[in-house]
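Atoms considered below: every heavy atom in the structure, side chains included; atoms not considered: hydrogens, waters and symmetry mates. We count ligands from 1, going down the list as the structure has it; atoms in each ligand are counted the same way.
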Amino acid sequence: MATQQISKTPLSKLRREVSRPFQQLARGVKRVARPKHAPAPVVVISPPPASIANFHPQDCTVEPEGVALLQELVRESKQFPGPIIEVGTLVGITATYMALAKSPEQKIITVDAFCWNPWGLSPDVHEALARQLLQYPIAKGEVQLIRGDKNEYYRNYKGPAPALVFLDAMHDYEETKKDIEWAKRVGAKIISGHDYCDKFPGVIKVVDEFGGPRRLGGTVWAL
Ligand SMILES: C[S@@+](CC[C@H](N)C(=O)[O-])C[C@H]1O[C@@H](n2cnc3c(N)ncnc32)[C@H](O)[C@@H]1O
């Protein structure tokens with residue numbers, strides 16, 4: 001009995017000591033080291049910022065059914081000569097899905113003003129993150145990332161008729177209408193976008209005014 005107690009106490013103590021920093025980390029508690037006889041330790045409680053606390057990567061991009069349709073549209077667009085233009089890059093998740101489905105000759109242009117992101121990043125940090133995540137297809141010349149306001153991009157567009165446009169920047173009626181009108185004006189062969197759903201009644205209204213979605217996958221629509 002006595003032997004058991006002697007060997008059990010140091011072991012459980014050791015386990016407690018080893019696991020303490022991890023438990024503190026998990027609780028977001030950081031102890032600041034102090035010299036002997038210094039005042040009571042300062043306990044810093046650092047919960048993650050609210051914008052990131054309940055974040056899941058799926059929340060900031062297209063749902064799997066939508067990705068399936070988007071990639072199908074990209075494959076269909078191979079028959080047309082122009083570029084694929086995405087409006088609303090965020091950090092390049094859908095641009096990457098499109099790059100995976102496109103043919104080697106096709107080029108993706110993705111446009112973003114870096115004016116919104118779900119993490120509260122400054123525009124410059126947001127852009128740097130997007131460029132870092134897209135560095136492989138950018139370096140290979142498969143993707144071109146343009147920083148700028150979409151409406152200015154539309155005004156200055158002098159390129160060929162896009163094979164496909166994917167509209168995923170602003171999801172209100174007026175802005176989505178401008179997006180679709182521009183895509184039609186420049187002769188885009190396939191016009192699609194995100195968020196045809198109750199949360200964005202403006203998207204539903206304007207897509208319906210243009211004849212309704214010819215195809216719908218998740219909330220990705222194609223005219
Ligand atoms: C929903 S996110 C795009 C998500 C991305 N397509 C994906 O699923 O991976 C919308 C993006 O549109 C951009 N945006 C919003 N308004 C814009 C505008 N007027 N011009 C250009 N980009 C804009 C925001 O900065 C943001 O990065």
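Heavy-atom proximity to atom 5 (C) of ligand 1, evaluated over Thr94, Asp179, Val91, is greatest for Thr94. Of the listed residues (Ala113, Cys115, Gly148), the one carrying the non-hydrogen atom nearest atom 22 (N) of ligand 1 is Ala113.
Close contacts between ligand 1 and Phe114 involve ligand atoms 25 (O) [criterion: under 4.0 Å to a heavy atom]. Contact atoms of ligand 1 toward Met170: 15 (C), 16 (N), 19 (N) (distance under 4.0 Å to a heavy atom of the residue). Which parts of ligand 1 touch Val62 is read off a 4.0 Å heavy-atom cut-off, strictly below it: atoms 8 (O). Each of the following atoms of ligand 1 lies closer than 4.0 Å to a heavy atom of Glu86: 6 (N). In the vicinity of Asp149, heavy-atom distances shorter than 4.0 Å reach the ligand 1 atoms 18 (C), 19 (N), 20 (N). The ligand atoms of ligand 1 that sit less than 4.0 angstrom from a heavy atom of His126 are 27 (O). Per-residue contacts place Thr89 under 4.0 angstrom from the following atoms of ligand 1 (heavy atoms of the residue considered): 5 (C), 9 (O). Under a 4.0 Å criterion applied to the non-hydrogen atoms of Ile93, ligand 1 contributes the atoms 9 (O).
Nearest protein neighbour of atom 11 (C) of ligand 1, counting heavy atoms only, is Asp112 OD2, 3.5 Å. Nearest non-hydrogen protein atom to atom 4 (C) of ligand 1 is Asp168 OD2, 3.3 Å. Remark: minimum distance from atom 8 (O) of ligand 1 to any protein heavy atom is reached at Thr61 OG1, 2.8 Å. The shortest contact between atom 20 (N) of ligand 1 and any protein heavy atom is with Lys150 N, 2.9 Å.
Any N or O atom pair closer than 3.5 Å counts here, and Gly88 shares at least one such pair with ligand 1. Any N or O atom pair closer than 3.5 Å counts here, and His171 shares no such pair with ligand 1.
Linking ILVMFWY side-chain heavy atoms closer than 4.5 Å, directly or via other members, places Val74 and Leu167 in two distinct hydrophobic clusters.
Atom CG of residue Leu164 and atom CZ of residue Arg75 lie 12.0 Å apart, to the nearest 0.5 angstrom.
Under a 4.0 Å N-O distance rule, the pair Arg131/Glu127 qualifies as a salt bridge. Here Glu142 pairs with Lys102 in a salt bridge; the nearest charged N to carboxylate O distance falls below 4.0 Å. A salt bridge does not link Lys150 to Asp168: none of the charged nitrogens lies less than 4.0 Å from a carboxylate oxygen.
Listed here is the closest heavy atom pair of Pro213 and Asp208: CD-OD1, 3.7 Å.
Looking at Thr110 and Gln144, their side chains never bring a donor and an acceptor atom within 3.5 Å of each other. For the residue pair Asp112 / Tyr153, no side-chain donor-acceptor distance below 3.5 Å is found, with atom types taken as modelled. Side-chain atoms of Thr176 and His171 form no donor-acceptor pair, as typed in the model, at a separation below 3.5 Å. Looking only at atom types and distance, the side chain of Tyr173 has a donor-acceptor partner in the side chain of Glu209 under 3.5 Å away.
Centroid-to-centroid, the aromatic rings of Tyr154 and Trp182 come within less than 6.0 Å.
Contacts of Asn117 with ligand 1, taken as heavy-atom pairs under 4.0 Å, are absent altogether. Within the 4.0 Å heavy-atom criterion, neither part of Glu175 lies near ligand 1.
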